[in-house]
Amino acid sequence: MRRRITQHLVMAVPVLGVVSFLSFYLINLLPGDAVTAICGGACSAGGEAKLRAHLGLDQGILTRYLHFLSGALHGNLGYAYSNGQPVSQALAEHLPVTIELMIISQVIALAIAIPLAMKSASNVGGLADRVASAVSFGMLSIPVFMIGVILMWVFSVILKVFPATGFTHISDSPVQNLRSMVLPSVTLALGFVAVYMKVLRSELAATLGQDFIAVARAKGLSHRYIMWRHALRPSISSLITLVGVNVGSLIGGAFVVEIIFQLPGIGLLTVDSITSRDYLMVQGVVLVTTVGFVVVNVLADIVAIALDPRLRSSVDAAS
Amino acid sequence: MQRAKERFASSTIGKRGIGFSLSISWLVLVAVLALFANLLPLPSPNLVSLGPPASGASLHHLLGLDGLGRDELSRLIYGSRISLVVGLASTAIGLVVGGISGIIAGYFGKVVDMSLSAVSIVFLSFPQLVFLLALVAFMGQKVSVVVIGIGVISIGPVFRVARNLTIGCRSKDYVIAAKLSGLSNLEVVRNAIFPNVIPTLLAYSLVTVGSAILAEALLSFIGLSIPPPTATWGNMVDSGISALQSDPALALLPSLAIFFTVLSLNVASNGLISAGRLKEVPE
């Protein structure tokens, strides 16, 4: 097990290198650069060249990437043009909000999906199974913002239970903080329930057909005990991988929800920095989202290995 | 009784279900309205009418006016054009690039498969939405940029499906027979692989059209797709949100249009695959 985990960690290093370089390179390909953003067309050609040399932008892409990387490893990602704030500081301010959103939404999604999947899988083709699969099929076609708009309409406009927008920091008031997190988290969670349920349901249904479940039933164990203690663990590894992929993509990808509910997370920072062409901020945000994506996926793989001994033995089993 | 049931189950509608027929009807309706929007007795989607904005339905404005006094129905119908064009064109990119490379990877296997699959893994392990945002923000909010951006994103999933479908029939007897009869690789692919892969791939691509429509709506919603005043379903939802209190229909109608269209595409794809004796889409 330790060997497999080390293997995953070692594999992550080159992936991180490739992904971070590619994202640096792709942003570099976009038209315009920091100088055009700073000058806004007001500088002379000589002035632009001087500024470019001053910022080191006249060097090759690899040199600049290595420079960026060594800065990043020292926690220095440069400064935002818009307000001179250190990029790393902006990231540190926005990241906790996104992480909180991610954790709460995944907990809600799993808390709904796991029991539903168990109910469906224990009677495949039954009423509960058909209703659940029809509903989840529909959920896959709903745009995230529609869920957000409907929830906002029902719970803040009509019922006035939760605030529509606005964010309270957890240090200011934990209760208010949770209240402002409820609608955004549920919005995100509902989108995931359908997928999670579908994946876990088919794995559970396959597990339930195996001999050791029949033995457990013959021993007279209760259905609920069998589901939670015997069937869940061997069935959950693909769900964990999927949660990893989703959590990873949420680091920068939750921007829709963050925009609707005005949560100051990484997604909002991403959209703001892209629309204001704040290159160093974009660079920093993309670095955090890509690295976060890879790291979370590796963590998910490790959790899956820890839970499922079958994944420990051979290299092929995981893929 | 049992006989009648069986006969119904094997008929076209019974086989695919009422949901399938409804989905096809909705898609045809949306497509026809989008194509012939100019011929319909509708006010121009950007024409600001006199009279109170955000007012409810009337004889002249069947779905009322939006916050700026423009006809909501007209904007819904013209907005569908963007969704359909982006959905179809970006899927075409995904199908051509992803489909061909997927069939090549699946057919040749070994090193070819390994290298193409490695590229697809890199593709899939990027935060794609962030790159889509950056692309559109820096290259301009034009239909062509949106189509290319979403098209590139759809290459990965199409590649995987095409590759797995091809692997599924690569070692079948008819492929081996075609190879043994001395056909070139191109002819084998055309005569033995295509007929088995293309139909399922096309049916699956309806799902891709749906995700492309969702992605465009998302971009529009945050103001990074085709800019206003051009109506898109996504920017209609966005501008409707500010009037959520007084007129929730302004945000809900375009949301529902997106939902029904994407749902119909998914149901249609599912129906075609499960009842058309097509292969299951491999994961």
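Remember, predicted model here, so these are calculated numbers, not experimental data.
Crowding of A:Trp153 atom CH2: a count of heavy atoms from other residues, nucleotides or ligands under 6.0 Å not exceeding 12. More than 12 non-hydrogen atoms from other residues, nucleotides or ligands lie less than 6.0 angstrom from CZ of A:Phe137. Residue A:Lys160 qualifies as enclosed at atom NZ: its count of foreign heavy atoms under 6.0 Å is above 12. The neighbour count for B:Met139 CE, taken as heavy atoms of other residues, nucleotides or ligands under 6.0 Å away, does not exceed 12.
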Quick one, A:Ile260 with B:Phe221, criterion side-chain contact (heavy atoms from CB on, under 4.5 Å). Give me CA distance, side-chain angles, the key distance, then yes/no.
CA-CA 10 Å; A:Ile260 298 180; B:Phe221 178 76; 3.5 Å; yes

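Contact count against chain A (heavy-atom pairs under 4.5 Å) is highest for B:Val237 among B:Val237, B:Ile241, B:Leu135.
Heavy-atom distances place the side chain of B:Leu214, and not its backbone, under 4.5 Å from chain A. If you measure heavy-atom distances from A:Ile259 to chain B, the contacts under 4.5 Å come from the side chain alone. Interface residue A:Val149: backbone and side-chain heavy atoms are both found under 4.5 Å from chain B. Within the 4.5 angstrom heavy-atom criterion, atoms from both the backbone and the side chain of B:Leu256 approach chain A. Both the backbone and the side chain of B:Ala217 come within contact range of chain A, with heavy atoms under 4.5 Å apart. Contacts of B:Leu252 with chain A are made by side-chain atoms alone, with heavy-atom separations under 4.5 Å and no backbone atom involved.
What you find for B:Phe259 and A:Gly138 is that their closest heavy atoms are CE1-O, 3.4 Å. Residue A:Ile274 comes nearest to B:Ala137 through the heavy atom pair CG2-CB, 3.1 Å, listed as atom of the first residue, atom of the second, then distance.
Note: A:Phe145 CZ to B:Ile258 CD1 = 4.0 Å, rounded to the nearest 0.5 Å.
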